Structure formats: structure tokens, C-alpha cells
Enquirer: 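Mind having a look at this structure? Questions to follow.
Small disclaimer: the values here were computed from a predicted structure and weren't measured.
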Amino acid sequence: MKTFDMKRDDKVTIYISTCNRIDKLKRALNSVIAQDYENIEVIICDDCSNDGTESYVREMQLREPRIVYFRNEINLGACATRNLAIKNATGKYITGLDDDDEFTSDRVSKFMEAWDNKYSFICANFIEKYSNGNDKIYYDESEYIGNYKNLLFANVASNQIYTLTENLQSIGGFDIRVKRYQDWDTWLRLSYKYGDFMRLPYATY
């Protein structure tokens, strides 16, 4: 029996960490603002950029009240910057976006529809876009159920997931000691503590 638990007014936190990539950040942020699920909080964590990122985000906040901005005064790295957002998230659910990627407009609503409390997290397929104009769906286009054992040898959960905020907070977010594959490490720890995860067959990233 499905243990689905979602209200249409549940808030979703979307965090974006960034450092000196203002042009990429603009594309990423626009894809979040364009979500067809409206009750979102967008936390932008700036790892001490000096390229005009702060001015841009401050200006965007005047037009978009759902944007929250934090800035490191010294460069602390991606994990610490993401953790700043995770610690301050107020949404019931949480998901991330790398500043050089973008969401499809239905990503959050797809996650809301698919969420089941029996999973540690859910994720989705994604599209790789190449400079020659070609696109490629990354994973086999079928639903996938796995657990931490499946993550021991390969990151089959993609680079961003969707979960309860309290789940991600309870494992301490990202481990600042990890210098590579931080996302993989985090998803493995989530699944180890909370059980199976599901990867949706369609691409939303």
C-alpha cells in the first residue's frame, strides 16, 4: 500500500550553490523560477563570488520573493556551501541544482507526485547536452529501485535527489572532508540510513 503523503501547499526547498559562474547561474535560476509547482523556496548560496553574483541575486530578490541568499565571506568549497542551504531550508522537501545545469519546468511537480514515504529519496533521469547539438538520455529509460548496496560501486542515483529536508539534515548534509563525488557519498549515506530509493524513468534535469 502506498504511503503517499503530500499536500499541494507543502513547500519545497531548492538550493543552488555557486561561485563565479554568474552566466550559468542565471540559466539555472530561471529554470527554477519557471517551475509549474509554485510553493518553492530558492536558496542561493554564494561561495564568495567576485563576478557580480551578489548584485545580480539581490536584484532578483526584489522581483522574486521566493529567493533566499546566503554568501560566504571566504571560499569554503561546494560541500560547506550546500550545507549552509540545507541547514537553513524551511521546506518540507528539498532538492538541489548545480549552477551549470537546469530543470525542466515540471521537475518539482513530478517529484511531488511520485513521492512515497517508504523511500529514502527519489531521483530522475537526466539529459546530457553536447556542444554539437546532440542530446542523450543518461540512464536506461525504466523505473529503478535500489538501495545503498547498489550505490557502493556506481552512482545510479544521478547528481541530484529529492527527499524530506529532515532526512538530509539528519545525516549532516554533505561531508566537507570529501573532495570528489560528494553527491554520491551523500546519497549512499541517505540510503544506508533510510532504505530504498527510486529513480524515475523520465528526464527532468
Enquirer: For the residue pair Tyr15 and Asn88, establish whether any side-chain heavy-atom pair is separated by less than 4.5 Å.
Expert: no
Enquirer: Please check if the number of heavy atoms outside Lys11 that lie under 6.0 Å from its NZ is greater than 12.
Expert: yes
Enquirer: Can you give me the closest heavy-atom contact between Lys24 and Asp100, atom names plus distance?
Expert: CD-CB, 3.5 Å
Enquirer: Do Ser170 and Tyr194 have side-chain N/O donor and acceptor atoms under 3.5 Å apart?
Expert: yes
Enquirer: Would a 4.5 Å heavy-atom cut-off, applied to side chains only, mark Phe103 and Ile14 as touching?
Expert: yes
Enquirer: Any heavy-atom pair between the side chains of Glu38 and Arg66 that's under 4.5 Å?
Expert: yes
Enquirer: Check for me, please, whether Trp115 and Leu97 land in the same ILVMFWY cluster - side-chain distances under 4.5 Å, paths through other members count.
Expert: yes
Enquirer: Does the side chain to side chain contact (heavy atoms under 4.5 Å, CB included) test come out yes or no for Ile137 and Ile127, once each step is laid out?
Expert: CA-CA 5 Å; Ile137 300 292; Ile127 302 168; 3.6 Å; yes
Enquirer: Are the charged groups of Asp98 and Arg82 less than 4.0 angstrom apart, N to O?
Expert: yes
Enquirer: For Asn75 and Asp47, indicate whether the former's side chain and the latter's backbone hold a donor-acceptor pair under 3.5 Å.
Expert: yes
Enquirer: Answer yes if the side chains of Ser120 and Asn167 hold a donor-acceptor pair under 3.5 Å, and no otherwise.
Expert: no
Enquirer: What about Ile16 and Leu168, same hydrophobic cluster or not, with Ile/Leu/Val/Met/Phe/Trp/Tyr joined at side-chain heavy-atom distances under 4.5 Å?
Expert: no
Enquirer: Running the 4.5 Å side-chain criterion over Ile, Leu, Val, Met, Phe, Trp and Tyr, what cluster does Leu62 land in, apart from itself?
Expert: none
Enquirer: Just by distance, do the side chain of Asn20 and the backbone of Asn50 share a donor-acceptor pair under 3.5 Å?
Expert: yes
Enquirer: Working to the nearest 0.5 Å, report the span between OG1 of Thr163 and OH of Tyr119.
Expert: 13.0 Å
Enquirer: Would you indicate whether Glu64, at its atom CD, is surrounded by more than 12 heavy atoms from other residues, nucleotides or ligands within a distance under 6.0 Å?
Expert: yes
Enquirer: Under the criterion side chain to side chain contact (heavy atoms under 4.5 Å, CB included), I'd like the reasoning laid out for Thr13 against Tyr93: C-alpha separation, chi angles, the key distance, then a yes or no.
Expert: CA-CA 6 Å; Thr13 296; Tyr93 302 96; over 6 Å; no
Enquirer: Under the salt bridge (charged side-chain N to carboxylate O under 4.0 Å, His left out) rule, what pairs show up with a residue in residues 178-196, not counting sequence neighbours?
Expert: Asp185-Arg189
Enquirer: I'd like to know if Ile40 and Ile33 are part of one continuous hydrophobic network [Ile/Leu/Val/Met/Phe/Trp/Tyr, side-chain heavy atoms within less than 4.5 Å].
Expert: yes
Enquirer: Determine, using the 4.5 Å side-chain heavy-atom cutoff (strictly less than), whether Tyr162 and Ile86 are members of one ILVMFWY cluster.
Expert: no
Enquirer: Can a donor-acceptor pair be found, under 3.5 Å and without considering hydrogens, that links the side chain of Gln35 to the backbone of Val108?
Expert: yes
Enquirer: Is the closest side-chain heavy-atom distance between Ser49 and Leu25 below 4.5 Å?
Expert: no
Enquirer: Nearest heavy-atom pair of Ser105 and Ala34: which atoms, and what distance?
Expert: CB-O, 3.7 Å
Enquirer: Using a 4.5 Å cut-off between side-chain heavy atoms of Ile, Leu, Val, Met, Phe, Trp and Tyr, which other residues end up in the same hydrophobic cluster as Ile176?
Expert: none
Enquirer: In Å and rounded to the nearest 0.5 Å, what is the CZ to SG distance from Arg71 to Cys45?
Expert: 12.0 Å
Enquirer: For the CD1 atom of Ile43 and the CD1 atom of Ile67, what is their distance to the nearest 0.5 Å?
Expert: 11.5 Å
Enquirer: Just wondering, do Val156 and Leu151 contact through their side chains at under 4.5 Å, heavy atoms?
Expert: yes
Enquirer: Taking ring-ring contact (aromatic ring centres under 6.0 Å, His included) as the cut-off, I'd like each qualifying pair that reaches into residues 135-157, sequence neighbours left out, listed once.
Expert: Phe126-Tyr138, Phe126-Tyr139, Tyr148-Tyr192
Enquirer: Could you report the tightest heavy-atom contact between Trp187 and Ser158, atom names first, then the distance?
Expert: NE1-O, 2.9 Å
Enquirer: With side chain to side chain contact (heavy atoms under 4.5 Å, CB included) as the test, would you mind laying out the steps for Val12 and Tyr37 before giving the verdict?
Expert: CA-CA 9 Å; Val12 177; Tyr37 186 86; 4.0 Å; yes
Enquirer: Tell me whether Asn30 contacts the main-chain N or O of Arg27 through its side chain, where contact means a donor paired with an acceptor under 3.5 Å.
Expert: no
Enquirer: Drop me the distance from Asn83's CG to Gln169's CD, to the nearest 0.5 angstrom.
Expert: 10.5 Å
Enquirer: Roughly how far apart are Met60 CE and Leu29 CG, rounded to 0.5 Å?
Expert: 5.0 Å
Enquirer: Between Trp184 and Ile122, is there a shared hydrophobic cluster once you connect ILVMFWY residues whose side-chain heavy atoms come closer than 4.5 Å?
Expert: no
Enquirer: I would like to know whether Gln160 and Asp101 meet side chain to side chain contact (heavy atoms under 4.5 Å, CB included); could you show each step before the answer?
Expert: CA-CA 11 Å; Gln160 295 290 352; Asp101 293 325; over 6 Å; no
Enquirer: Identify the heavy atoms of Tyr205 and Gly96 that sit nearest to each other, and give their distance.
Expert: CE1-O, 4.2 Å
Enquirer: Mind listing the closest non-hydrogen atom pair of Thr81 and Gly77 along with its distance?
Expert: OG1-O, 2.6 Å
Enquirer: Are Leu188 and Leu152 side-chain neighbours, meaning at least one heavy-atom pair lies under 4.5 Å?
Expert: yes
Enquirer: Working to the nearest 0.5 angstrom, can you tell me the gap between Phe197 CZ and Ile161 CD1?
Expert: 10.5 Å
Enquirer: Please list every donor-acceptor pair under 3.5 Å in which a side-chain atom of residues 52-59 meets a protein atom from a residue at least two apart or in another chain.
Expert:
| from | atom 1 | to | atom 2 | distance (Å) |
| --- | --- | --- | --- | --- |
| Thr53 | OG1 | Asp51 | OD1 | 2.6 |
| Arg58 | NH1 | Gln61 | OE1 | 3.4 |

Enquirer: Kindly give the heavy-atom pair with the smallest separation between Cys79 and Gln182, and that separation in Å.
Expert: SG-CG, 3.1 Å
Enquirer: Tell me the salt bridge (charged side-chain N to carboxylate O under 4.0 Å, His left out) pairs involving residues 137-163, sequence neighbours left out?
Expert: none
